[in-house]
2 protein chains.
Amino acid sequence: MDWDDLRIFLAVARADSLSGASRRLAIDASTVGRRIARLEQVLGAKLFVKTPQGYALAPEGERLLPHAEAAEAALSDAREALSGPGDLTGQIRIGAPDGCANYLLPQICARLCEDHPGLEIQIVALPRVFNLSRREADMAIAVSQPQAGRLVVQRLTDYQLHLAGHEDYLRRHPPILTREDLRGHRMIGYIPDMIFDRELDYLTETGADWAQLTSNSVSVQMQAVRTGAGLGIVHDFAIPFCPGVRRVLTDAISLTRSFWLIRHADDRRSQRMNRIADALAQGIRAEVARLQGLITLEGPSQERA
Amino acid sequence: MDWDDLRIFLAVARADSLSGASRRLAIDASTVGRRIARLEQVLGAKLFVKTPQGYALAPEGERLLPHAEAAEAALSDAREALSGPGDLTGQIRIGAPDGCANYLLPQICARLCEDHPGLEIQIVALPRVFNLSRREADMAIAVSQPQAGRLVVQRLTDYQLHLAGHEDYLRRHPPILTREDLRGHRMIGYIPDMIFDRELDYLTETGADWAQLTSNSVSVQMQAVRTGAGLGIVHDFAIPFCPGVRRVLTDAISLTRSFWLIRHADDRRSQRMNRIADALAQGIRAEVARLQGLITLEGPSQERA
DNA sequence: ATTCACCTTTGCAAAAACGCAAAACGCTTT
DNA sequence: AAAGCGTTTTGCGTTTTTGCAAAGGTGAAT
């Protein structure tokens with residue numbers, strides 16, 4: 001039996017398809033299929049039920065899975081035991097909402113990569129809720145705590161959102177001093193049916209019951225605000241990246257949310273994962289504080305409009 | 001990283017040489033060397049110190065070893081979880097003193113193989129004490145309990161040894177009724193400096209302080225007795241295989257020893273290993289009882305000489 | 001009803017891995 | 001001192017594995 005076939009087995013079991021595993025492993029799908037076939041022959045068991053729409057775990061495969069994961073954990077521990085205590089190496093995939101992925105993670109991860117040349121970081125911007133238990137990512141940042149799963153959650157930091165618009169846009173309209181002044185403004189927000197977490201339902205919280213220009217992407221929304229398309233709820237930490245964008249009604253409308261770092265429970269005792277998580281947490285905390293601090297310093301003009 | 005390289009790593013670490021691992025794995029030594037080299041490169045660590053007389057674990061390899069063993073355990077559990085609850089399969093290597101290996105194990109293991117066609121049993125006759133912790137065998141039968149190691153020991157059965165000679169030989173000599181009558185007889189025994197366990201020091205226990213014809217193999221000694229070369233201490237359970245061999249002085253000289261089954265502590269929770277061990281224990285108990293029973297039934301002639 | 005997108009499977013050429021044989025090396029023994 | 005044994009290492013022909021491209025199939029959407 002070739003131990004390496006178990007690595008392929010794990011990928012297929014998690015991707016539910018040869019092609020998905022193929023992409024993840026960077027191995028051709030035909031090879032993946034052949035190695036699964038070989039594994040099944042050696043073990044004398046049908047691990048998957050094969051359909052034209054994918055590979056699904058058969059009962060025998062279900063029984064194999066936890067042991068394969070145990071082997072994976074042993075391997076992971078092995079690499080950890082070998083790599084020097086100082087440097088972090090290997091690949092890590094971090095899932096995050098696109099606001100975080102766009103305005104926070106790049107700097108933080110760049111810094112991390114600089115400190116650890118052997119480390120390879122993949123930032124996956126999440127347009128949807130993430131399935132961490134399938135190892136679509138090693139860790140994920142979320143705006144709410146997950147309810148179930150063998151996961152460990154830790155709070156990263158609070159952050160704030162405010163209504164904002166570009167100063168050119170604000171100049172073209174009468175001053176906004178009360179909620180009533182919002183009438184007639186073009187609102188920018190999420191595509192309603194693509195709100196995957198109730199924490200993202202910013203607009204209804206402000207009283208605006210609908211938005212004219214919507215996107216599933218925070219950065220697209222931000223770009224809309226920046227180009228003067230209207231008013232939108234934006235992350236404070238994103239504002240420094242968009243010169244000219246000014247907050248309005250900060251007294252009346254102010255939202256606070258939190259970022260949570262979610263990890264596999266199995267990774268808890270992994271020194272490497274712990275260190276990466278710590279670096280990430282510290283980096284996000286510092287970066288949010290830094291960016292939010294820049295706003296009030298740079299432009300107390302939010303009331304000026 | 002190819003997970004299968006870890007399997008090769010384990011073999012080399014246990015054999016302390018490429019060639020030893022090569023024999024055990026049935027893979028060419030050059031391939032074993034190349035895969036170790038590849039593994040070292042991927043991990044970026046020198047796992048072995050390479051000398052013309054073998055591969056010795058380097059500190060980094062020492063750190064890797066326990067994790068590789070953890071992976072191996074996971075793999076073993078996996079195969080166990082898959083194989084049907086009824087049948088035993090795979091390969092197992094049993095070490096045993098050559099008396100046991102010659103006169104007990106063949107029948108027992110043959111029966112076991114018959115009941116489980118997928119099972120492959122290797123009987124290693126042991127001319128020396130066995131290093132079970134290096135996985136030279138999966139389990140071992142010994143004549144004394146080991147003192148140390150992560151091992152689990154269970155007693156199999158008691159067995160008896162007596163002085164014996166071939167009836168032709170006995171007929172050519174005066175009757176042996178007391179210990180004094182042994183003077184002048186040619187004694188067959190162990191090569192003194194090759195007695196690897198004090199439990200094997202049969203002759204001094206009888207009062208005979210030296211042997212003229214010696215071997216490190218119980219079966220060779222038995223063969224000597226059988227061909228009328230002299231008198232020797234033989235296992236009772238071996239006598240039925242040697243027509244004409246009769247015990248003498250059974251009242252004055254009677255030795256009792258025990259067989260112990262030694263296994264790795266890690267295998268304790270392995271259902272497969274437990275079943276094999278149980279079958280082995282039960283088989284040996286039954287076979288020793290059966291063979292020892294045959295003696296008294298077949299030939300009460302031990303006093304006749 | 002048909003096209004499309006996605007998946008798996010098969011055929012074939014290229015690349016990688018493997019086994020064999022020989023060489024190089026050190027240690028032990030004659 | 002030299003020959004022999006066991007080891008690792010290297011070179012080469014063969015086998016195996018892999019990736020690519022095309023084919024075959026199924027469900028969803030036009």
Side-chain angles (χ1 to χ4, degrees), chain A residues 1-43 45-58 60-61 64 127-128 131 134-136 191 193-194 216, chain B residues 1-43 45-58 60-62 64 124 127-128 131 134-136 193-194:
Chain A
M1 167 176 176
D2 189 323
W3 288 15
D4 201 54
D5 288 346
L6 227 62
R7 184 169 60 92
I8 276 74
F9 166 81
L10 265 181
V12 176
R14 285 168 179 156
D16 277 330
S17 74
L18 294 186
S19 47
S22 153
R23 284 187 290 272
R24 187 67 190 266
L25 296 169
I27 291 177
D28 193 83
S30 58
T31 300
V32 175
R34 284 187 279 248
R35 293 186 65 171
I36 292 295
R38 181 175 69 178
L39 181 63
E40 286 184 326
Q41 183 182 355
V42 168
L43 294 178
K46 282 149 193 76
L47 302 174
F48 295 96
V49 293
K50 292 125 182 154
T51 70
Q53 48 267 25
Y55 272 38
L57 273 177
E60 308 234 58
L64 177 59
R128 58 186 171 85
N131 191 337
R134 293 224 160 191
R135 293 270 173 181
E136 295 182 13
I191 301 171
D193 60 280
M194 291 190 72
N216 67 326
Chain B
M1 167 176 178
D2 190 322
W3 287 16
D4 202 53
D5 288 346
L6 227 63
R7 183 169 61 93
I8 276 73
F9 165 80
L10 266 180
V12 175
R14 284 167 179 155
D16 278 331
S17 74
L18 293 185
S19 47
S22 153
R23 285 187 291 271
R24 187 68 190 266
L25 296 170
I27 292 177
D28 193 81
S30 58
T31 300
V32 176
R34 284 187 278 247
R35 293 187 63 172
I36 293 294
R38 181 175 68 177
L39 182 64
E40 287 183 325
Q41 183 182 355
V42 168
L43 294 179
K46 280 145 194 79
L47 301 174
F48 295 96
V49 292
K50 293 122 181 160
T51 71
Q53 49 266 25
Y55 271 39
L57 272 176
E60 308 235 57
E62 209 85 59
L64 177 59
V124 182
R128 58 186 171 85
N131 191 337
R134 293 227 160 188
R135 293 268 174 182
E136 296 183 12
D193 60 280
M194 293 191 70

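No experiment lies behind these values; they were computed from the predicted model shown. A note on names: the letters A, B, ... follow the listed sequences, proteins ahead of strands, and every chain is numbered from 1.
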J.: Distance check: side-chain N/O of A:Ser19 vs OP1/OP2 of C:dT8, anything under 4.0 Å?
T.: yes

J.: Can you tell me how far P of D:dT18 sits from CG of A:Asp4, to the nearest Å?
T.: 9 Å

J.: Starting at atom NZ of A:Lys50, determine the distance to atom C1' of C:dT9, rounded to an integer number of angstrom.
T.: 12 Å

J.: Could you tell me which non-hydrogen atom of B:Ala29 sits nearest to which non-hydrogen atom of B:Ser22, and how far apart they are?
T.: N-OG, 3.4 Å

J.: What is the distance, rounded to the nearest whole Å, between atom CG of B:Asp28 and atom C1' of D:dT10?
T.: 12 Å

J.: Rounded to whole angstrom units, what separation is found between the CZ atom of B:Arg35 and the C1' atom of D:dT16?
T.: 13 Å

J.: Would you kindly compare A:Val32 and A:Gln53 by the position of their nearest DNA chain D nucleotide and give the one closer to the 5′ end?
T.: A:Val32

J.: If I take atom CG in residue B:Asp2 and atom C1' in nucleotide D:dT18, what distance separates them, rounded to the nearest angstrom?
T.: 13 Å

J.: Go nucleotide by nucleotide along DNA chain D from the 5' end; which of B:Ala29 and A:Thr31 gets its closest nucleotide reached first?
T.: B:Ala29

J.: Is the phosphate of C:dC6 approached by A:Tyr55 (side-chain N or O, under 4.0 Å from OP1 or OP2)?
T.: no

J.: Judged by atom type as modelled, is there a donor-acceptor pair below 3.5 Å linking the side chain of B:Ser17 to the main-chain atoms of B:Tyr55?
T.: no

J.: Sort out for me which residue in B:Ile27, B:Val12, B:Thr31, B:Asp28 forms a side-chain contact (heavy atoms from CB on, under 4.5 Å) with B:Leu18.
T.: B:Val12

J.: Rounding to an integer number of Å, can you tell me how far A:Ile27 CD1 sits from D:dG19 C1'?
T.: 11 Å

J.: Applying side-chain contact (heavy atoms from CB on, under 4.5 Å) between A:Leu64 and each of A:Leu6, A:Leu57, A:Leu10, report the one that passes.
T.: A:Leu6

J.: Which heavy-atom pair separates A:Arg7 from B:Met1 by the least distance, and what is that distance?
T.: NE-O, 3.5 Å

J.: In whole Å, I'd like the distance from the CG atom of A:Leu18 to the P atom of D:dT26.
T.: 16 Å

J.: Give a yes or no on whether a donor-acceptor pair under 3.5 Å exists between the nucleobase atoms of C:dC18, that is its base, and the side chain of B:Ser30.
T.: no

J.: A:Arg34 or A:Gly54: which one's nearest nucleotide on DNA chain C is closer to the 5' end?
T.: A:Gly54

J.: Between C1' on D:dG19 and CZ on A:Arg23, what's the gap in Å once rounded to a whole number?
T.: 16 Å

